[in-house]
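Written out below as structure tokens is the structure these notes cover.
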Amino acid sequence: MSTQRPTIKTIAQDTGLSIATVSKALNNSPQVRPETRELVLKSAARVGYELNLHGVQLRTGKTYQVAAVMTAPAAGESEWEGVEYAQLLSGISFALEETPYRVALHPVRDFTESLAAVRQIVTLRKADGIIISGTRTDDPRVQLMQDADFPFVTYGMTLSNGVHAFVDQDNRQMILAAVARLAERGHRRIALINPVAELTYSAVRLEAYREALEKAGLSFDPALVAQGRLIPAFGRENVIAMSQMPDPPTAYICANEASALGALSGFHARGLVHGRDAVVNATDDLNISGYFAPPITTYFLPISTPSALLGQFILRRMEGEPAERLQALLMPDLIERSDDRLAC
């Protein structure tokens, strides 16, 4: 039995393809049809071929890494904040699974660290593409990558930067729908539990909230808007505070499941009954709210959907596809677990 290491030539002989075609397929060239590439990959696995990425890197300058720059929980942090980087990485990694590319996580604690990480990756060419999250309305990380003509995709839109690839949920349409639905069910005091003001989706949600109130003939009260870190404690403390107003909210729209869980805890602390005194709606990505007591109405977008698109988009962007063709606004599905009219 031969102990010689399998080569590209081995795969060419096994598949009947030319060495040039096999090489292009292994290097993920867009010139190779998907079915041909799949044939080559299956043959490579069968004969035990391993791509010498170091050699490819020396020849092409590619790293075959996609840098995911994402905020990770700080040491000692015990508060749940909803979707974390691990859920995003799972979908991205799956999208890259049948390619030579791998995800390299660059965990950061805050926006300043994120900007520094992006600058280092771009300057030193430590990856072939970058995925970032937590976008701001005018994001200097995006500007930096655009100036360097560096392939990237953002999880979240920006509002003041030039055209770029992104994946996001349609926060505007979701808030318009949520407020209209609650107003139709008789709610006149609707609170918005929002993320920190610097984030794009916070600004989009707030603008849509004001627009929806106006359409419903309801007045905007800034006291019914809370912006902050979306942990359970934030939802709880705002329900406790707002429910003590002379004219308290009868509905709370929470930006994630973690703040919604805290909101229900605030109901308990104040002796409120969900469906009698007020209701909670939320956006969710993990569908955990179906197990809350009581289960609450949510706008559900499984995290696997945007994370897979992020992986697909960065591959296409690294191949040179124009950014304007790589933009996705995803509308979550309404999951009605309650009618949300207050009982008389």
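In what follows, every heavy atom counts, from backbone to side chain, and hydrogens, waters and symmetry copies are set aside. The residues of the chain are indexed from 1 along the displayed sequence.
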Considering non-hydrogen atoms only, spot the tightest contact between L309 and A328 and give its length. CD1-CB, 4.0 Å

Counting only N and O atoms by type, is there a donor-acceptor contact under 3.5 Å from the side chain of Q327 to the main-chain atoms of H164? yes

Under a 3.5 Å distance rule, please check whether T123 uses its side chain to pair with a backbone N or O of Q120 as donor and acceptor. no

Going by atom types alone, do T158 and D139 pair a side-chain donor with an acceptor below 3.5 Å? no

Show the nearest heavy-atom pair for residues V122 and A148, with the distance to one decimal. CG1-CB, 3.5 Å

Look up atom CG in L17 and atom NZ in K24, then write down how far apart they are to the nearest 0.5 Å. 12.0 Å

Using links of under 4.5 Å between side-chain heavy atoms of ILVMFWY residues, direct or through other members, which residues join F166 in one cluster? M157, L159, V204, L329

If we only count heavy atoms from C-beta on, is the L315 to E319 side-chain gap below 4.5 Å? no

Group every Ile, Leu, Val, Met, Phe, Trp and Tyr by side-chain heavy-atom contacts under 4.5 Å, then state whether L230 and F111 land in the same group. no

Minimal heavy-atom distance between V239 and G266, with the atoms involved, is CG1-C, 3.7 Å

Do L182 and I335 share a hydrophobic cluster, counting only Ile, Leu, Val, Met, Phe, Trp and Tyr and linking them when any side-chain heavy atoms are less than 4.5 Å apart? no

Is it possible for you to say whether L206 and V196 belong to one hydrophobic cluster, with membership spreading through side-chain heavy-atom contacts below 4.5 Å? yes

Any side-chain to backbone donor/acceptor pair from S23 onto A20? Under 3.5 Å, distance only. no

Once rounded to the nearest 0.5 Å, what's the spacing between atom OG1 of T250 and atom CG of L272? 11.5 Å

Taking the side chain as every heavy atom from C-beta outward, state whether I8 and I11 have any pair of such atoms under 4.5 Å apart. no

Run the salt-bridge test on E211 and K215 with the 4.0 Å N-O cut-off and return the result as yes or no. yes

Atom of A127, atom of T63 and distance for their closest heavy-atom approach: CA-OG1, 3.2 Å

Has the side chain of R141 got a donor or acceptor atom that lies under 3.5 Å from a matching backbone atom of L115? no

Hits for salt bridge (Lys or Arg N to Asp or Glu O under 4.0 Å) against K126, two or more places apart or cross-chain, chain-then-number order -> none

Do Q146 side-chain atoms and G162 backbone N/O form a donor-acceptor pair below 3.5 Å? yes

Shortest non-hydrogen pair, F234 vs G228, comes out as CZ-N, 3.3 Å

Begin from the C-alpha positions of L192 and I175 and carry the test side-chain contact (heavy atoms from CB on, under 4.5 Å) through to its verdict. CA-CA 10 Å; L192 184 69; I175 292 299; 4.2 Å; yes

Could you walk me through whether V153 and L326 pass the side-chain contact (heavy atoms from CB on, under 4.5 Å) test, one step at a time? CA-CA 8 Å; V153 181; L326 301 171; 5.8 Å; no

With a sphere of 6.0 Å drawn around CZ of R210, does it hold more than 12 non-hydrogen atoms of other residues, nucleotides or ligands? no

Taking atom OG of S304 and atom CD of Q87, what is their separation to the nearest 0.5 Å? 11.0 Å

Less than 4.5 Å apart, any side-chain heavy atom of L88 and any of I303? yes

Hey, does the side chain of R188 reach the backbone of A183 with a donor-acceptor pair shorter than 3.5 angstrom? yes

Value rounded to 0.5 Å, distance of CD in E198 from CG in D138: 13.0 Å

Any luck finding a side-chain donor-acceptor pair between S202 and Q227 under 3.5 Å? yes

Single-linkage hydrophobic cluster, 4.5 Å side-chain cutoff, Y155 and L330 together: yes

dist R181:CZ -> L176:CG (nearest 0.5 Å) comes out at 15.0 Å

How far apart are the C-alpha atoms of R33 and E38, what are their side-chain angles, what is the distance that settles it, and do they pass the salt bridge (charged side-chain N to carboxylate O under 4.0 Å, His left out) test? CA-CA 9 Å; R33 291 179 299 176; E38 184 178 359; over 6 Å; no

For residues T297 and L334, determine if any side-chain heavy atom of one lies less than 4.5 Å from a side-chain heavy atom of the other. yes

Do you know the tightest heavy-atom contact between C254 and A263? SG-CB, 4.1 Å

Do R172 side-chain atoms and E207 backbone N/O form a donor-acceptor pair below 3.5 Å? no

Taking the inter-plane angle between the rings of F267 and H274 on a 0 to 90° scale, is it parallel (under 30°), tilted (30 to 60°) or perpendicular (over 60°)? tilted

Distance, nearest 0.5 Å, that separates CE of M318 from CD1 of I130: 11.0 Å

I'd like to check M242 versus Y252 (side-chain heavy atoms, cut-off strictly below 4.5 Å). Are they in contact? yes

Neighbour count >12 (heavy atoms, 6.0 Å) for atom CG, D149: no

Any heavy-atom pair between the side chains of I240 and E237 that's under 4.5 Å? no

Side-chain (T200) to main-chain (T135) donor-acceptor, under 3.5 angstrom: yes

Is there a donor-acceptor contact under 3.5 Å from the side chain of R102 to the main chain of T99? yes

Whether the side chain of N281 engages the backbone of I253 through a donor-acceptor N/O pair (distance < 3.5 Å, no angle test) should be reported. no

Can D221 and R189 be counted as an ion pair, charged N to O under 4.0 angstrom? yes

Audit row: L342, V279, side-chain contact (heavy atoms from CB on, under 4.5 Å) steps and yes/no: CA-CA 8 Å; L342 295 187; V279 298; 4.1 Å; yes

Quick one, I132 with V142, criterion side-chain contact (heavy atoms from CB on, under 4.5 Å). Give me CA distance, side-chain angles, the key distance, then yes/no. CA-CA 9 Å; I132 63 170; V142 169; 4.2 Å; yes

Using a cut-off of 6.0 Å, state whether more than 12 heavy atoms not belonging to E214 lie near its atom CD. no

Any L144 side-chain heavy atom under 4.5 Å of F150 side chain: no

Can you run down the side-chain hydrogen bond (donor to acceptor under 3.5 Å, both in side chains) pairs that involve residues 284-294, sequence neighbours left out, and say none if there aren't any? E257-S289, D284-S289, D284-T298, N287-R337, S289-R337

More than 12 foreign heavy atoms under 6.0 Å from CD of E336: is that the case here? yes

Are Y299 and Q173 side-chain neighbours, meaning at least one heavy-atom pair lies under 4.5 Å? no

State whether the number of non-hydrogen atoms from other residues, nucleotides or ligands found under 6.0 Å of F220 atom CZ is greater than 12. yes

Do F300 and V179 land in one hydrophobic cluster if side-chain heavy atoms of ILVMFWY residues count as linked below 4.5 Å? no

